[in-house]
Amino acid sequence: MPTTKHYEAFCKKGAKDFDTNIRQREIILAQAENNSNVQKSIMEACAEDVLFFFNAFCWLYEPRPRKTSSGKKYPSIIPFITWDHQDPIILSAREAIGYSDVGIEKSRGEGASWMFILLALHDWIFEPMSAIGFISRTELAVDNPDDPDSLFWKADWELTKLPPWMVGEKSSVADKASKDYSRNVSKHILKNNRNGSQIVGYSATGDVTTGGRKGWILFDELAKFPRPQDSEAMASTQHVTESRILISTPKGAEGEYYKLMHTPSNMVKLVLDWKDNQSRNKGLYKLVQGKPVAHKPENPLLAGYDPPDQNTLDLYSRLRRKGFKLENKLR
């Protein structure tokens with residue numbers, strides 16, 4: 001699937017590089033400051049091109065320590081720069097959202113929850129009268145203002161990082177007149193007062209969203225939902241929306257998520273795999289007749305694997321004793 005034009009132009013300026021991305025963002029914001037015509041053009045570009053919106057304006061909270069290839073430590077707040085393997089997933093999901101169910105099988109740490117929260121905010125900002133639902137296994141997993149792992153914490157935090165001219169001003173509890181957007185924590189609602197869009201959060205219950213209508217609903221980590229609430233929540237939302245987005249890391253060969261992902265249907269099924277992640281797949285290999293073989297010539301074996309040194313051989317022995325099957329599996 002081809003990338004879109006604003007994102008492509010942004011990338012040609014080197015904006016996939018961390019430092020260059022920061023500089024390009026600063027240039028864009030400086031051009032837009034106090035210039036309504038530039039702001040309008042940027043809003044139109046973001047509405048048209050979700051990858052440009054992600055890479056030029058969105059941010060990520062990443063508390064896990066990370067270093068660049070040169071050993072420089074990344075800060076915990078970093079620009080959201082999409083990995084190459086995320087781009088086709090985002091675009092495929094964007095095309096399907098609203099029209100069909102989408103199942104995402106993801107490895108841990110691949111940014112799927114952030115991706116779909118940003119897609120929800122993209123609709124919330126740029127699509128008038130959007131109605132989006134967030135569903136997770138518990139109420140606190142959906143909405144806990146003190147927990148960065150909750151869905152609404154991420155959405156709330158992201159809005160503080162986007163330009164004020166893009167998202168507007170938030171109403172406070174004391175405001176008598178509504179401002180550009182408002183947030184009701186007790187009811188788990190994020191409302192855009194400028195265009196009527198809403199994101200509403202729910203926990204997994206048997207009658208979740210019954211009687212309502214939504215453009216699309218995000219199910220976060222469906223494989224971890226308690227039983228039978230997982231199947232009851234899916235049944236309850238069946239006639240509420242044409243588009244349920246099921247993102248999860250697989251967890252066993254049972255439950256509603258497993259059944260849906262392994263049953264032939266019209267669902268759009270996508271895989272977000274760590275093995276496709278250029279930041280995590282260095283030295284990807286298979287063991288063939290006891291010897292490591294690089295999965296792709298352009299991604300060679302790491303030191304200590306070609307040939308395997310004693311530490312590597314000891315690692316293989318420990319893994320085998322623990323019951324891991326090593327032969328002909330990507331590692």
I need the [X] [atom1] to [Y] [atom2] distance, nearest 0.5 Å.
| X | Y | atom1 | atom2 | result |
| --- | --- | --- | --- | --- |
| Cys11 | Gln24 | SG | CD | 10.5 Å |
| Phe53 | Ile42 | CZ | CD1 | 12.5 Å |
| Leu218 | Arg244 | CG | CZ | 13.0 Å |
| Thr82 | Asp84 | OG1 | CG | 7.0 Å |
| Ile78 | Leu60 | CD1 | CG | 4.5 Å |
| Tyr257 | Ile104 | OH | CD1 | 8.0 Å |

Is a donor from one side chain sitting under 3.5 angstrom from an acceptor on the other, for [X] and [Y]?
| X | Y | value |
| --- | --- | --- |
| Arg23 | Thr20 | yes |
| Ser76 | Glu62 | no |
| Ser182 | Asn184 | no |
| Asp314 | Ser317 | no |

Using side-chain heavy atoms (C-beta onward) and a distance below 4.5 Å, is [X] in contact with [Y]?
| X | Y | value |
| --- | --- | --- |
| Ile97 | Ile245 | yes |
| Leu260 | Met267 | yes |
| Val185 | Phe152 | no |
| Trp165 | Leu29 | yes |
| Val142 | Ser150 | no |
| Arg320 | Leu326 | yes |
| Ile22 | Glu26 | yes |
| Asn193 | Ser171 | yes |

Task: Chi angles and distances behind the side chain to side chain contact (heavy atoms under 4.5 Å, CB included) call for Leu319, Arg331 - done: CA-CA 12 Å; Leu319 290 171; Arg331 302 191 61 80; 3.4 Å; yes

Name the atoms and distances for all side-chain donor-acceptor pairs under 3.5 Å in residues 112-136, with sequence neighbours left out.
| unit_1 | atom_1 | unit_2 | atom_2 | d |
| --- | --- | --- | --- | --- |
| Ser113 | OG | Asp220 | OD1 | 2.9 |
| His122 | NE2 | Cys46 | O | 2.7 |
| Asp123 | OD1 | Arg94 | NH1 | 2.9 |
| Asp123 | OD1 | Arg94 | NH2 | 3.3 |
| Asp123 | OD2 | Arg94 | NH2 | 3.3 |
| Asp123 | OD2 | Trp216 | NE1 | 2.9 |
| Trp124 | NE1 | Leu190 | O | 3.2 |
| Ser130 | OG | Asp123 | O | 3.2 |
| Ser130 | OG | Glu127 | O | 2.7 |

Task: From CA spacing to verdict: side chain to side chain contact (heavy atoms under 4.5 Å, CB included), Arg137, Gln229 - done: CA-CA 8 Å; Arg137 61 191 183 281; Gln229 286 96 319; over 6 Å; no

TODO: Please assess Asp101 against Val268 for the test side chain to side chain contact (heavy atoms under 4.5 Å, CB included), listing each intermediate value before the final yes or no.
DONE: CA-CA 6 Å; Asp101 289 340; Val268 175; over 6 Å; no

Task: Enclosure of Lys191 NZ (heavy-atom neighbours >12, cutoff 6.0 Å) - done: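 Counting other residues, nucleotides and ligands, NZ of Lys191 stays at 12 neighbours or fewer.
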
With a 3.5 Å distance limit and no angle check, can you tell me whether [X] reaches the backbone of [Y] through a side-chain donor-acceptor pair?
| X | Y | answer |
| --- | --- | --- |
| Arg25 | Cys58 | yes |
| Asp230 | Phe225 | no |
| Ser92 | Ile89 | no |
| Glu158 | Trp59 | yes |
| His262 | Lys259 | no |
| Ser231 | Arg227 | no |
| Gln39 | Ala32 | yes |
| Asn55 | Leu51 | yes |
| Lys170 | Asp180 | no |
| Thr237 | Met234 | yes |

- [ ] Might you work through the salt bridge (charged side-chain N to carboxylate O under 4.0 Å, His left out) test for Lys5 and Glu48, ending with a clear yes or no?
- [x] CA-CA 9 Å; Lys5 62 179 182 180; Glu48 179 183 331; 3.7 Å; yes

Taking a hydrophobic cluster as the set of Ile, Leu, Val, Met, Phe, Trp and Tyr residues connected by side-chain heavy atoms closer than 4.5 Å, whether directly or through intermediates, do [X] and [Y] fall within one such cluster?
| X | Y | answer |
| --- | --- | --- |
| Leu302 | Leu315 | yes |
| Tyr305 | Leu313 | yes |
| Val293 | Tyr316 | no |
| Tyr285 | Phe324 | yes |
| Ile77 | Leu162 | yes |

Please report the shortest heavy-atom distance between [X] and [Y], naming the atom on each side.
| X | Y | result |
| --- | --- | --- |
| Ile28 | Phe10 | CD1-CE1, 3.9 Å |
| Val200 | Lys187 | CG1-O, 4.4 Å |
| Thr249 | Lys106 | OG1-NZ, 3.0 Å |
| Ser248 | Glu221 | OG-OE1, 3.2 Å |
| Arg194 | Met166 | NH2-O, 2.7 Å |
| Tyr7 | Asp49 | N-OD2, 2.8 Å |

Would you call the rings of [X] and [Y] parallel, tilted or perpendicular, taking 30° and 60° as the class edges?
| X | Y | answer |
| --- | --- | --- |
| Tyr74 | Phe18 | tilted |
| Phe52 | His6 | tilted |
| Tyr61 | Trp157 | tilted |

TODO: I would like to know whether Leu151 and Trp153 meet side chain to side chain contact (heavy atoms under 4.5 Å, CB included); could you show each step before the answer?
DONE: CA-CA 6 Å; Leu151 299 179; Trp153 186 96; over 6 Å; no

Open item on the list: Salt bridge or not between Lys214 and Glu242? Use side-chain N to carboxylate O under 4.0 Å.
Closed with: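 No, Lys214 and Glu242 are not salt-bridged.
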
Task: Short N-O contact, Asp143 and Arg183, less than 4.0 angstrom - done: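 So Asp143 pairs with Arg183 through a salt bridge.
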
- [ ] Would you please test Glu8 and Lys13 for salt bridge (charged side-chain N to carboxylate O under 4.0 Å, His left out) and show each step?
- [x] CA-CA 9 Å; Glu8 228 167 35; Lys13 297 177 181 178; over 6 Å; no

